[in-house]
Structure formats: C-alpha cells, structure tokens
Amino acid sequence: ATSGGDGLSGSDAEFNAMTAPCIDEAARITGFPAIDINIASRVRTGGGPLLVLDAGGQNWSCRTESDGSVTVFSEFAN
C-alpha cells in the first residue's frame, strides 16, 4: 500500500503497535483504568500516526516519539 503521496504517515501496523502503550500511558496520566480507555480515532498526520483516546469522556491524543516512547497529551495542549 502506498501513502498516496499526501505526506501523511500512519500505517495499520504503526497504529496497532502504539495502541497498548498509548492506553497504558493515558491510564497512568488520567487515573482511569486502561480497560475504560478507548481509541476514538486513528489520525494520519505529517508528523506520524496520532491516536485519539477517549478516557472518561475526555479526548486525549497520543503520538510516538523518535525514541519509540509514546506521549499522551490533552487535546487542548499544543
């Protein structure tokens, strides 16, 4: 599969690989149990794949860093 030349990145494999660490990190930050955190959407961006998480009705975003770790941040953060 090609990216279509749209400059966006985020493959199914990348999203699948980051799902568990993103949920674990969101659980740590928000205090919600991981079982209660859902993937709201998968977003392909110019900076790589971005997962939008639903934790207790609040949206959080998760991205993968260059060292392989994940960062979870509020949708209102920059």
Side-chain angles (χ1 to χ4, degrees):
T2 64
S3 66
D6 53 12
L8 305 180
S9 61
S11 67
D12 285 345
E14 286 174 310
F15 284 122
N16 291 340
M18 65 193 287
T19 296
C22 284
I23 288 175
D24 289 346
E25 179 67 5
R28 188 184 69 78
I29 290 174
T30 65
F32 286 101
I35 191 114
D36 292 338
I37 298 173
N38 299 298
I39 304 297
S41 62
R42 294 174 161 193
V43 183
R44 296 171 68 239
T45 75
L50 183 78
L51 285 177
V52 179
L53 309 173
D54 173 5
Q58 300 174 32
N59 280 348
W60 293 76
S61 297
C62 181
R63 68 175 179 245
T64 304
E65 303 298 345
S66 56
D67 64 1
S69 66
V70 298
T71 300
V72 172
F73 51 98
S74 163
E75 62 181 333
F76 301 113
N78 287 325

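Note: hydrogens, waters and symmetry copies are ignored here, and every other heavy atom, side chains too, is used.
In terms of heavy-atom proximity, Asn59 sits nearest to Ala40 at OD1-CB, 4.4 Å. In terms of heavy atoms, Gly46 sits closest to Leu8 at N-CD2, 3.5 Å.
Arg44 CZ to Asp6 CG: the interatomic distance, rounded to the nearest 0.5 Å, is 4.5 Å. Atom OG of Ser61 is separated from atom CG of Leu51 by 9.0 Å, given to the nearest 0.5 angstrom.
Both Leu53 and Phe32 sit in one connected hydrophobic cluster of ILVMFWY residues. Membership requires side-chain heavy atoms under 4.5 Å apart, directly or through other members. By the rule that hydrophobic residues join a cluster once side-chain heavy atoms approach within less than 4.5 Å of another member, Phe73 and Val70 end up as members of separate clusters.
Side-chain atoms of Ser41 never come within 3.5 Å of backbone atoms of Val43 as a donor-acceptor pair (strictly under, hydrogens ignored).
Within the structure, salt bridge (charged side-chain N to carboxylate O under 4.0 Å, His left out) contacts touching residues 45-56 (residues at least two apart or in different chains) do not occur. The side chain to side chain donor-acceptor pair (under 3.5 Å) pairs that include a residue from residues 29-38 number zero, where partners must be two or more places apart or lie in different chains.
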Do any side-chain atoms of residues 15-28 form donor-acceptor pairs under 3.5 angstrom with protein atoms, and if so which ones, sequence neighbours left out?
unit_1, atom_1, unit_2, atom_2, d
Asn16, OD1, Arg42, NH2, 2.4
Asn16, ND2, Asp12, O, 3.2
Thr19, OG1, Phe15, O, 2.7
Glu25, OE1, Arg28, NE, 3.1
Glu25, OE2, Arg28, NH2, 2.8

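Residues passing the side chain to side chain donor-acceptor pair (under 3.5 Å) test with Ser66, sequence neighbours excluded: none. With sequence neighbours excluded, the residues forming a side chain to side chain donor-acceptor pair (under 3.5 Å) with Ser11 are Glu14, listed by chain and number. By the side chain to side chain contact (heavy atoms under 4.5 Å, CB included) test, Ser9 is found to be paired with Pro49, residues two or more places apart in sequence or in another chain being considered.
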